Amino acid sequence: MPVVDISTVIIVLILGHCLSIFFLAFDLFQYETTKYDYLFLLGRALQAIAWGLIVAREVLPIWLSFSVGNSVLFLGWMMESLAVISLKYVVTTRCTAVYASLECYCFRDTDLHPCKKY
């Protein structure tokens, strides 16, 4: 059974995100767009950046690789999921606030939180 390195899987994931951004960006030029289309692309881009930070953990400092990488990953997930939810439902301010509070809750455990004591 072949052994697959996790870095290889993450690099393939990053390439998949970049290809989907590339193809969706060309699709935006042909059709009418909404703010949620751009929100989806921005979420995908943030996820690709976050995975890149996480995979470069041997090169980057640990606070940048994991703390910033995980926070940006959650932020990209939040943006992408809001865009997908907008296909079926009207995204209200309350829904956006729930997702933003979820992001803040996930961000609280990182080293970059402003209230964290050192």
Side-chain angles (χ1 to χ4, degrees):
M1 185 167 169
V3 177
V4 179
D5 184 30
I6 191 67
S7 298
T8 306
V9 173
I10 293 176
I11 289 172
V12 170
L13 183 68
I14 293 169
L15 290 175
H17 276 70
C18 292
L19 278 175
S20 68
I21 291 168
F22 180 73
F23 289 128
L24 289 172
F26 277 117
D27 193 45
L28 291 180
F29 292 120
Q30 296 178 356
Y31 301 106
E32 213 173 294
T33 60
T34 64
K35 65 180 179 180
Y36 296 110
D37 295 330
Y38 296 109
L39 190 68
F40 184 83
L41 283 177
L42 181 61
R44 282 297 241 199
L46 286 176
Q47 287 181 23
I49 291 168
W51 284 118
L53 288 173
I54 291 170
V55 80
R57 68 178 178 263
E58 290 100 18
V59 181
L60 298 174
I62 196 77
W63 65 269
L64 183 64
S65 178
F66 284 111
S67 297
V68 174
N70 287 339
S71 298
V72 171
L73 187 65
F74 278 118
L75 184 64
W77 170 78
M78 180 190 78
M79 290 178 168
E80 187 177 317
S81 61
L82 276 175
V84 170
I85 287 173
S86 73
L87 294 174
K88 184 161 178 140
Y89 303 106
V90 175
V91 177
T92 61
T93 307
R94 182 177 179 188
C95 181
T96 306
V98 167
Y99 274 91
S101 62
L102 176 67
E103 173 66 24
C104 290
Y105 179 76
C106 294
F107 187 67
R108 72 175 169 73
D109 288 333
T110 64
D111 293 334
L112 300 175
H113 193 277
C115 297
K116 183 139 181 129
K117 301 202 182 210
Y118 294 99

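Keep in mind it's a predicted model, so treat the numbers as computed, not measured.
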**Prompt:** When rounded to the nearest 0.5 angstrom, what distance separates CE in Met79 from CG in Leu41?
**Reply:** 11.5 Å
**Asked** Can the ring centroids of Tyr36 and Phe40 be said to lie less than 6.0 angstrom from one another?
**Response** no
**Request:** Find the distance between CG (Leu46) and OG (Ser71) and round it off to the nearest 0.5 Å.
**Result:** 11.5 Å
**Prompt:** Nearest heavy-atom pair of Ser65 and Leu60: which atoms, and what distance?
**Reply:** CB-CB, 4.4 Å
**Request:** Hey, could you give me the OG/CD1 distance between Ser7 and Ile54, rounded to the nearest 0.5 Å?
**Result:** 11.5 Å
**Fill in**
Closest heavy-atom pair, Ala50 versus Gly69, reported as atoms and distance to 0.1 Å, is CB-O, 3.2 Å
**Asked** What is the distance from atom CD1 of Ile6 to atom CD1 of Ile11, rounded to the nearest 0.5 Å?
**Response** 10.5 Å
**Message:** Is there a continuous path of hydrophobic side-chain contacts, each under 4.5 Å between heavy atoms, that joins Leu28 to Ile21?
**Reply:** yes
**Asked** Would you say the side-chain atoms of Asp27 pair up with the backbone N or O of Phe23, donor to acceptor, closer than 3.5 Å?
**Response** no
**Asked** Would you find a donor on one side and an acceptor on the other, under 3.5 Å apart, between the side chain of Ser81 and the backbone of Met78?
**Response** yes
**Item:** Value rounded to 0.5 Å, distance of CD in Gln47 from CG in Leu42
**Value:** 10.5 Å
**Asked** If you group Ile, Leu, Val, Met, Phe, Trp and Tyr by side-chain heavy-atom gaps below 4.5 Å, do Leu24 and Tyr38 land in one group?
**Response** yes
**Message:** With a 3.5 Å distance limit and no angle check, can you tell me whether Ser20 reaches the backbone of His17 through a side-chain donor-acceptor pair?
**Reply:** yes
**Prompt:** Does the side chain of Leu13 reach to within under 4.5 Å of the side chain of Val9, using non-hydrogen atoms?
**Reply:** no
**Asked** Linking I/L/V/M/F/W/Y whenever any side-chain heavy atoms sit under 4.5 Å apart, do Leu75 and Trp63 land together?
**Response** yes
**Request:** Give a yes or no on whether Val12 and Val4 share a hydrophobic cluster (residues Ile, Leu, Val, Met, Phe, Trp, Tyr; joining criterion: side-chain heavy atoms under 4.5 Å apart).
**Result:** no
**Complete:** Between the CG atom in Leu82 and the CD atom in Glu80, the distance rounded to the nearest 0.5 Å is 10.5 Å
